[in-house]
There are 2 protein chains.
Amino acid sequence: MNTPIPRTALQLRSLVKRSGELEVSLADVEVPKPADDEVLVRIEATPINPSDLGLLFGPADMRSAQVGGSAGRPVLTAPIDPKHLPGLAGRLDESIPVGNEGAGLVVAAGGSAAAQALLGRTVAIIGGAMYAQYRCIQAAQCLPLPHDATAADGASCFVNPLTALGMVETMRREGHKALVHTAAASNLGQMLNRICLKDGVALVNIVRKAEQAGLLKSQGAQHVVDSTSPQFIDELTDALAATGATIAFDAIGGGKLAGQILGAMESALNRNASVYSRYGSATHKQVYLYGMLDPAPTTFSRNFGMAWGIGGWLLFPFLQTIGPAAAQKLRERVAAELKTTFASHYTQVVSLVGALQPEAFGRYGQRATGEKFLINPNATN
Amino acid sequence: MNTPIPRTALQLRSLVKRSGELEVSLADVEVPKPADDEVLVRIEATPINPSDLGLLFGPADMRSAQVGGSAGRPVLTAPIDPKHLPGLAGRLDESIPVGNEGAGLVVAAGGSAAAQALLGRTVAIIGGAMYAQYRCIQAAQCLPLPHDATAADGASCFVNPLTALGMVETMRREGHKALVHTAAASNLGQMLNRICLKDGVALVNIVRKAEQAGLLKSQGAQHVVDSTSPQFIDELTDALAATGATIAFDAIGGGKLAGQILGAMESALNRNASVYSRYGSATHKQVYLYGMLDPAPTTFSRNFGMAWGIGGWLLFPFLQTIGPAAAQKLRERVAAELKTTFASHYTQVVSLVGALQPEAFGRYGQRATGEKFLINPNATN
């Protein structure tokens, strides 16, 4: 490959100052030379996932964000309420690179056979610091994309696909036979729906708008419940009784939804119970909160017996739990079904400079279901 | 043994009528003849545990309770709000015996060697229907008490001791090194404190009154935090940092306490954290709710990262999880330390008739920390 590699290139950095200010800027950083077992990837597509926003903007008040600097080196600043600073103690005054995952062309490789084999291939990678023009990484960590796949096809090939597969895998490993998902019309939710349809796993989709229910049904979803319906609890209980779902993955986090799901699971289980148990159903009911779309406190009445749990769920600890061999199997499935089951759809593609413009972060920063941005750090605009 | 065995004897029964009325009465039931592998126990001591009250009184309004019937066969009645009836569907119009555990003399035995070996022994038993003058049970389920122990010594030998041991065992099995307990001045809490002192396990006791803190400290407790203190969160965080406790057992259930414990655990873990993690500490923090002293909804802010869980905890599923051999080891420890670590203290001893008098149920029905009643079904009053 004769791609000319520059000496320095752009990398997006997020900085929380002790004074209570967020600063997001583009740094010129040296392009590293890959070590023996490493490759250098020219990043061509890297998504802005909800899971990136915490590191990117922290708890800053983005409605008060300003953009200064120059046209080619914009600097975004936004105030942070001092009450949040103790929780950010570990990152204060440290300029941090951002971007969980991405894809691009391997333009240089170390001497090892594994590294050399990737030269000229388009690969998907994960590991942070992807909002950058170049990223040096272990060859073993690259997922080579099929030859007909573009970087954009493979840019979101880890976080959402592995999270969706991880939910189904968690369901199986914890002994449940069907599952519930909230904010179910998201990119991730649509992917989960395709996995479940393909694998014959019953899925109860909970959405917050009628049009989202329509979207999922048009994609073959069998059980879709709208939480704004006046009969929500009854409709949810019917769907839970029909599917036998006793585990849920909730992206909302705040409010009453998690408890309502557990209560409806208990009602569904008790519909056919023949013996009274003062401790409720003996079947374990579980809700995992994996997102925070609603930052309000979580509240629940304990009307679901004693066999229940609510907890946090995060992709990377899950992958560690199942171990490298099982994780590799999941990754291989993603690569094999990249353009079907695991296809992502983007609202807009922006450059690094474009990502720091108000018309961009005003949209992707809102965490609205349906908005998804892709950055191409090597775009010329 | 030449104890004369009557043809019928008293058994306490709880009945929830479809009309919305609780009726607790004493039935004359036939005294069974033990089968080959069974023994007949004359119950001499059976405690009223918080875990018995749900079956005994259900959600009846006990302030409006009336006692009718005759002096020797009192009948307690109390109204039940109709909104509770759907949740009681499984027990409506069915007269149910009550009483989780008890102890007494084996007065008859089946032909098997195991049953015969127990004749004349004082044994502790568990399995329901203990608020009765006689209870027939499998010989294998009996725990023979040491020869110097009375039935009263052994009456509470399962629920509280195994629950307290189960908490320490759960702590170990789930990889924690110290634990937190709430409503910590209860009979169970004092027992847990003695176990932890003996086993060298650090315990953070949370109480709701200054005099309860004093009681536990007088019994050697090292970490006692009063939740009514204005510095409660800071004091709790200090105790968690000092002990490294990352698992809690909460008897309260409702309100903010469970979330406050998780938040304080996270603060304690982050005190010494050297690297910023946007997902919070990677150490799993767990709170098990095993009681419901506060029936209000549970509410928490998710300010403790993603590695956390809240769930129900119940003795019998726990014993099933660890299996018969491990459970037997716990029971043997209880028998060996019956008069020390696992000693229970009672406020009052009553007969079956006495248990149905207003001056009795007006006290034990309140679930107040420190009140504990013992029934002697064969008392003559």
Side-chain angles (χ1 to χ4, degrees), chain A residues 16 51-56 58 86-92 94 96 253-254 256 258-259 262 266-267 270-271 273-280 282 284-292 294-317 320, chain B residues 16 51-56 58 86-92 94 96 253-254 256 258-259 262 266-267 270-271 273-280 282 284-292 294-317 320:
Chain A
V16 172
S51 51
D52 290 308
L53 292 175
L55 196 58
L56 184 58
L88 300 168
R91 64 170 289 190
L92 289 180
E94 229 177 281
I96 301 175
K256 294 185 173 181
L262 289 173
E266 180 72 3
S267 299
N270 285 339
R271 275 195 186 168
S274 54
V275 204
Y276 174 70
S277 163
R278 79 193 102 159
Y279 297 122
H284 185 81
K285 299 157 290 288
Q286 180 71 37
V287 177
Y288 284 114
L289 311 185
Y290 76 95
M292 283 224 189
D294 180 352
T298 309
T299 295
F300 56 92
S301 302
R302 300 175 309 288
N303 59 344
F304 33 69
M306 291 299 281
W308 62 275
I310 299 180
W313 192 93
L314 208 56
L315 176 60
F316 297 105
Q320 284 194 314
Chain B
V16 172
S51 51
D52 290 307
L53 292 175
L55 197 57
L56 184 58
L88 300 167
R91 63 169 290 189
L92 288 181
E94 230 178 281
I96 300 175
K256 295 185 174 182
L262 289 173
E266 179 74 2
S267 299
N270 286 339
R271 274 196 187 167
S274 53
V275 203
Y276 173 70
S277 162
R278 79 192 103 161
Y279 298 121
H284 184 81
K285 299 159 289 289
Q286 180 70 37
V287 177
Y288 285 113
L289 311 185
Y290 75 96
M292 283 225 189
D294 181 352
T298 310
T299 296
F300 54 92
S301 302
R302 301 176 307 289
N303 60 343
F304 32 71
M306 292 298 282
W308 61 275
I310 298 180
W313 191 94
L314 208 56
L315 176 59
F316 298 105
Q320 284 195 314

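Chain A is the first sequence line, chain B the second, and so forth, proteins listed ahead of strands; every chain is numbered from 1.
Residue A282(A): no heavy atom, backbone or side chain, is found under 4.5 Å from chain B. For chain B, the nearby parts of L289(A) are the backbone and the side chain; heavy atoms of each come within less than 4.5 Å.
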Side-chain polar contacts of residues 306-315 of chain B - donor-acceptor pairs under 3.5 angstrom, sequence neighbours left out - could you list them?
unit_1: W308(B); atom_1: NE1; unit_2: G305(B); atom_2: O; d: 3.4
unit_1: W313(B); atom_1: NE1; unit_2: T170(B); atom_2: OG1; d: 3.2

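P295(A) pairs by the side-chain contact (heavy atoms from CB on, under 4.5 Å) definition with nothing, not counting sequence neighbours.
Closest non-hydrogen pair, M292(B) versus R302(A), comes out as CE-O, 3.6 Å.
Highest contact tally toward chain B, considering only T299(A), T298(A), L92(A), is held by T298(A) [criterion: heavy-atom pairs under 4.5 Å].
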